[in-house]
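Down below is the structure, laid out as structure tokens.
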Protein chains: 2
Amino acid sequence: MEDATQRLGYRVKRAAAALRGALDRALREHDLTVPQYACLELLDQRPGLSNAELARGTFVTRQSMNTVLRGLQDSGLITRPAAADHGRALPAHLTEQGRRRLDAARSAVYAVDQRMTDAVPPERLADLLADLDRMAAAFER
Amino acid sequence: MEDATQRLGYRVKRAAAALRGALDRALREHDLTVPQYACLELLDQRPGLSNAELARGTFVTRQSMNTVLRGLQDSGLITRPAAADHGRALPAHLTEQGRRRLDAARSAVYAVDQRMTDAVPPERLADLLADLDRMAAAFER
DNA sequence: GCGGGTATGTCAAACTCCTGACATGGAGGA
DNA sequence: TCCTCCATGTCAGGAGTTTGACATACCCGC
């Protein structure tokens with residue numbers, strides 16, 4: 001195991017890089033970046049999430065998500081109250097325009113995901129998902 | 001499959017994010033970034049690689065690798081000839097100091113990789129590696 | 001020989017993301 | 001009640017990466 005390209009980390013990195021590139025290309029025609037799309041998708045499934053919660057859900061820092069949210073807000077894709085009624089968390093929601101943009105981009109993203117999914121033998125998909133979860137969990141603290 | 005967090009792309013992204021974070025933390029004490037380490041490692045295995053070849057091997061653009069190489073050069077970890085004798089490609093090589101720094105960082109990186117590897121059942125490791133390769137290959141053109 | 005195609009190194013500008021830091025608001029124990 | 005701890009939103013600065021572009025150098029078919 002002296003060749004670093006044989007190690008698990010290298011393979012994960014390569015697969016993730018390929019995925020990221022494909023997503024970038026697919027989302028560009030919808031004028032969305034990957035974090036922006038991830039944010040919209042998360043917000044569609046769980047409306048009212050705060051900045052910090054969205055950051056954790058998309059694997060970026062609060063600060064990065066803050067700028068992402070501001071951009072989405074300026075584009076009119078999401079809304080956030082100016083002040084919090086309880087605590088400091090500001091619950092974000094999709095606007096009608098945001099929902100439409102998400103619907104348009106979703107098909108492109110799903111096609112990318114499907115292309116990747118189709119590349120693995122179907123009988124191994126469940127194990128693969130479980131292993132990816134275990135790898136991620138191995139670094140949580 | 002309406003929950004986006006159940007899709008393969010999300011799992012890959014999460015695993016890669018966890019790995020990247022762990023590598024960042026592990027390499028910080030060696031004053032190296034992930035691309036810098038990847039570059040050194042690749043250069044150790046295949047001395048004389050050019051900027052563009054290193055970029056492809058580490059999944060970044062030529063421009064990014066160029067700045068990485070310049071930093072490594074300024075730190076005295078690699079050397080590059082000022083002019084190319086054949087074509088424009090400038091073959092890079094590790095210096096003695098670069099080799100020492102790599103050796104020091106390698107154990108930390110290997111520990112991270114091993115921790116991730118240990119998280120997956122050993123009888124599935126070979127399949128996992130193969131599937132990751134298939135996923136990456138699905139996006140090549 | 002030579003002209004198109006390809007690959008390389010490099011520059012400039014913009015963008016994204018991160019680290020570090022600070023102030024605010026809530027929860028729980030002394 | 002007070003006060004320590006934790007989570008959140010935000011600001012400032014900097015580091016890293018990307019897109020777009022340009023000039024140079026080889027290759028190959030004509």
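Per chain, numbering begins at 1; letters A, B, ... match sequence-line order. Note that the structure is a prediction, hence the values are computed from the model and not measured. Computed from heavy atoms alone, side chains included, the values below leave out hydrogens, waters and symmetry copies.
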Report task. Would you kindly confirm whether A:V68 and A:Y37 end up in one hydrophobic cluster when ILVMFWY residues are joined by side chain heavy atoms under 4.5 Å apart? Result ->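 Yes, same cluster.
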**Report entry** Path from B:V112 to B:L42 over hydrophobic side-chain contacts below 4.5 Å
**Finding:**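 In one cluster: yes.
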Query raised in the report: In residues 47-56 of chain A, which residues come under 4.0 Å of DNA chain C by heavy atom?
Result: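 Those residues: none at all.
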Query raised in the report: Regarding B:E53 and B:S50, is there a side-chain donor-to-acceptor distance under 3.5 Å anywhere?
Result: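 Result is yes, a qualifying pair exists.
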Query raised in the report: So, A:Q6 and A:R11: side-chain donor and acceptor under 3.5 Å apart, yes or no?
Result: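 Checked: A:Q6/A:R11 side chains pair up, N/O donor to acceptor below 3.5 Å.
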Atom [atom1] of [X] to atom [atom2] of [N]: distance rounded to whole Å?
{"X": "B:D24", "N": "C:dC17", "atom1": "CG", "atom2": "C1'", "answer": "11 Å"}
{"X": "B:R20", "N": "C:dT16", "atom1": "CZ", "atom2": "P", "answer": "18 Å"}
{"X": "B:L23", "N": "C:dC18", "atom1": "CG", "atom2": "P", "answer": "15 Å"}
{"X": "B:R70", "N": "C:dC11", "atom1": "CZ", "atom2": "C1'", "answer": "9 Å"}
{"X": "A:R25", "N": "D:dT19", "atom1": "CZ", "atom2": "C1'", "answer": "14 Å"}
{"X": "B:M65", "N": "C:dT10", "atom1": "CE", "atom2": "P", "answer": "13 Å"}
{"X": "B:R62", "N": "D:dT24", "atom1": "CZ", "atom2": "P", "answer": "16 Å"}

When you compare the side chain of [Y] with that of [X], does any pair of heavy atoms fall below 4.5 Å?
{"X": "A:R99", "Y": "A:D44", "answer": "yes"}
{"X": "B:Q36", "Y": "B:L40", "answer": "no"}
{"X": "B:M135", "Y": "B:L8", "answer": "yes"}
{"X": "A:S64", "Y": "A:T61", "answer": "yes"}

Does [X] place a side-chain N or O at less than 4.0 Å from the phosphate oxygens OP1/OP2 of [N]?
{"X": "B:N66", "N": "C:dG9", "value": "no"}
{"X": "B:T67", "N": "D:dG16", "value": "no"}
{"X": "B:T61", "N": "D:dT17", "value": "no"}
{"X": "A:R80", "N": "D:dT10", "value": "yes"}

Sidechain N-carboxylate O distance under 4.0 Å for [X], [Y]:
{"X": "B:D103", "Y": "B:R106", "value": "yes"}
{"X": "B:D131", "Y": "B:R134", "value": "yes"}
{"X": "A:R20", "Y": "A:D24", "value": "yes"}
{"X": "A:R101", "Y": "A:D31", "value": "no"}

Report task. Look at the side chain of A:L90 and decide which nucleotide, out of C:dC18, D:dA21, D:dT10, has an atom nearest to it. Result ->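 Ranking C:dC18, D:dA21, D:dT10 by closest atom to the A:L90 side chain puts D:dT10 first.
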Requested in this report: Would you work out how much the helix from C:dG1-D:dC30 to C:dA30-D:dT1 bends between its ends, with each end axis defined by five base pairs, to 10 degrees?
Outcome: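 That helix has its two terminal axes inclined by roughly 30°.
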Report task. Please list, by residue number, the residues of residues 26-37 of chain A whose heavy atoms come closer than 4.0 Å to an atom of DNA chain D; answer none if no residue qualifies. Result ->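 Output list: A:R28.
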Query raised in the report: Side-chain donor or acceptor of A:Q63 under 3.5 Å from a matching atom on the base of D:dG13?
Result: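 Checked by distance alone, the answer is no.
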